[in-house]
Amino acid sequence: MLRLVATRLLTLLLLVWIVSIAVFALVLLIPGDPTSTLLGDNATPEQVATLRASMGLDDPLIVRYGDWLGGALGGDLGTSMLTSYPVTQAITDRIGITVSLVVLSLVVSVVVGLAIGVLAAVRQGGVFDRIALLGSSVGIAMPNFWLGLVLVTFLGAELGLFPTSGYVDLGADPAQWAAHLALPVVTLAAGGAAEIARQARASVVDTLQLDFVRTLHAKGLSPLSIVGKHALRTALIPVITVIGLQVSRLFGLSVLVEAVFALPGIGSLMVQSVFDRDIPMVQGTVLLATVVVVTVNLLVDLSYGWLNPKAALTS
């Protein structure tokens, strides 16, 4: 298991380094000159040259990348070109909103998806199973932004049951925090819950047909004990993969959800930075998302070793 952890950590560090190069290079391909955003179209060539020199934009790419990577390793992601505000501080100010949204959505997706999937598998071929299959198909096909607009229109604007925009800190008012995140979480979690439910159902159905499950039945164990204590652990291995993929999906879709519900999170910061050609801010937010995704992938790999120790021995 220790060898698995060490191997995965080295792979993670290598992947983050490679992605950092890609992020630095791809951001430079954004059309337009950031100095034109700061100085306007009427700036003289001398003003543009002076600003580019002061911002280090004329330095060789390898030098600029080295400076950026060195700062990033020390926790300094640079300074916004537009506001001169530290990128690290800007991310810190907003990350709580996105983390709250993504974590709550993931928890809802996992709890609801597993509950529906396991129950549908136990009652395979029944009415609940058919409803679950139909519901999961609808949930997977339904666009999240469309669901968000529907929820805002009916539950927010028409019925007034939930706030339609904005955010309140958890420490300031827990009730309002939950109320403002209720619709965004449902919007973001719906598709994930549907995918997890479908995968969980298929995996549990396959597991219940294995020989060891028949042996447990022959020994007189109750169906609840067989599913909860024995079959579910085996069935969770492919489900964990889907859950890990959901984290990347949730972070990506959070950009749309934050736009629909006017949440000032990392997603909205990233989009605005792209439009403003704020290179340090774009690089910082994308690097953060990359680190989160690869870290989750590491946790998924380690969970394989816990659920199936043979995987740790063969890795």
Engineer: Please report the shortest heavy-atom distance between A121 and V205, naming the atom on each side.
Structural biologist: CB-CG2, 3.7 Å
Engineer: Check for me, please, whether V186 and L106 land in the same ILVMFWY cluster - side-chain distances under 4.5 Å, paths through other members count.
Structural biologist: yes
Engineer: Which heavy atom of A189 sits nearest to which heavy atom of S109, and what is that distance?
Structural biologist: O-OG, 3.1 Å
Engineer: Strictly distance-based, threshold 3.5 Å: is any side-chain N or O of T83 a donor or acceptor partner for the main-chain N or O of S80?
Structural biologist: no
Engineer: Test of understanding: clusters of I, L, V, M, F, W, Y form through side-chain heavy atoms closer than 4.5 Å, transitively. Do L114 and V108 belong to the same one?
Structural biologist: yes
Engineer: Which atom pair, heavy atoms only, marks the closest approach of I116 to F128?
Structural biologist: O-CE2, 3.8 Å
Engineer: State the OG1-CE distance between T285 and M270, to the nearest 0.5 angstrom.
Structural biologist: 4.0 Å
Engineer: Quick one: which residue pairs count as a salt bridge (Lys or Arg N to Asp or Glu O under 4.0 Å) with a foot in residues 110-135, not counting sequence neighbours?
Structural biologist: D129-R201
Engineer: Which heavy-atom pair separates V274 from V282 by the least distance, and what is that distance?
Structural biologist: N-CG2, 3.7 Å
Engineer: Identify, with sequence neighbours excluded, every residue that meets side-chain hydrogen bond (donor to acceptor under 3.5 Å, both in side chains) alongside Q272.
Structural biologist: D276
Engineer: Going by the rule side-chain contact (heavy atoms from CB on, under 4.5 Å), which residues pair with T88 if we only count those two or more places apart in sequence or in a different chain?
Structural biologist: L77, T92
Engineer: Which heavy atom of V118 sits nearest a heavy atom of V204, and at what distance?
Structural biologist: CG2-CG2, 4.1 Å
Engineer: Roughly how far, to the nearest 0.5 Å, is the CD1 atom of I240 from the CG atom of L245?
Structural biologist: 11.5 Å
Engineer: Restricting to non-hydrogen atoms, name the atom on S268 and the atom on R94 that form the minimum distance, rounded to 0.1 Å.
Structural biologist: OG-NH1, 3.1 Å
Engineer: Is L256 linked to F251 within one hydrophobic cluster, defined over Ile, Leu, Val, Met, Phe, Trp and Tyr using a side-chain heavy-atom separation of less than 4.5 Å?
Structural biologist: yes
Engineer: Do side-chain atoms of S203 reach the backbone of A235 as a donor and acceptor pair under 3.5 angstrom?
Structural biologist: yes
Engineer: From R198 CZ over to S136 OG, what is the distance, rounded to the nearest 0.5 angstrom?
Structural biologist: 4.0 Å
Engineer: Let me have the donor-acceptor pairs involving side chains of residues 17-24, under 3.5 Å, with sequence neighbours excluded, atom names and distances please.
Structural biologist:
{"residue": "W17", "atom": "NE1", "partner": "Y65", "partner atom": "OH", "Å": "3.4"}
{"residue": "S20", "atom": "OG", "partner": "W17", "partner atom": "O", "Å": "2.5"}
{"residue": "S20", "atom": "OG", "partner": "Y65", "partner atom": "OH", "Å": "2.9"}

Engineer: Should S105 and Q246 be marked as a side chain to side chain contact (heavy atoms under 4.5 Å, CB included) after you check the CA-CA gap, both sets of side-chain angles, and the distance that decides it?
Structural biologist: CA-CA 10 Å; S105 300; Q246 288 304 309; over 6 Å; no
Engineer: Pairs of donor and acceptor atoms involving the side chains of residues 139-160, under 3.5 Å and at least two apart or interchain, shall be tabulated with distances.
Structural biologist:
{"residue": "N144", "atom": "OD1", "partner": "R249", "partner atom": "NH2", "Å": "3.4"}
{"residue": "N144", "atom": "ND2", "partner": "T187", "partner atom": "O", "Å": "2.6"}
{"residue": "T153", "atom": "OG1", "partner": "L149", "partner atom": "O", "Å": "2.7"}

Engineer: Determine whether V247 and V293 make a side-chain contact, defined as any pair of heavy atoms from C-beta on separated by less than 4.5 Å.
Structural biologist: no
Engineer: For residues 168-183, please give each side-chain donor-acceptor pair under 3.5 Å, one per line with the distance, not counting sequence neighbours.
Structural biologist:
{"residue": "D173", "atom": "OD1", "partner": "A175", "partner atom": "N", "Å": "3.2"}
{"residue": "D173", "atom": "OD1", "partner": "Q176", "partner atom": "N", "Å": "3.3"}
{"residue": "W177", "atom": "NE1", "partner": "Y167", "partner atom": "OH", "Å": "3.1"}
{"residue": "H180", "atom": "ND1", "partner": "Q176", "partner atom": "O", "Å": "2.8"}

Engineer: Picking from L101, V260, I97, what satisfies side chain to side chain contact (heavy atoms under 4.5 Å, CB included) with P184?
Structural biologist: L101
Engineer: Which value, rounded to the nearest 0.5 Å, describes the distance between T290 atom OG1 and Q283 atom CD?
Structural biologist: 11.5 Å
Engineer: Do V111 and L188 belong together in a cluster built from hydrophobic side chains that touch within less than 4.5 Å?
Structural biologist: yes
Engineer: Does T98 use its side chain to pair, donor to acceptor, with the backbone of I95 at less than 3.5 Å?
Structural biologist: no
Engineer: Do V292 and L73 belong to the same hydrophobic cluster, where Ile, Leu, Val, Met, Phe, Trp and Tyr are linked whenever their side-chain heavy atoms lie under 4.5 Å apart, directly or via other members?
Structural biologist: yes
Engineer: If we ignore angles and hydrogens, is there a donor and acceptor under 3.5 Å between the side chains of Y85 and D278?
Structural biologist: no
Engineer: Would the distance check show the side chain of Q199 and the main-chain N or O of V239 forming a donor-acceptor pair, the cut-off being under 3.5 Å?
Structural biologist: no
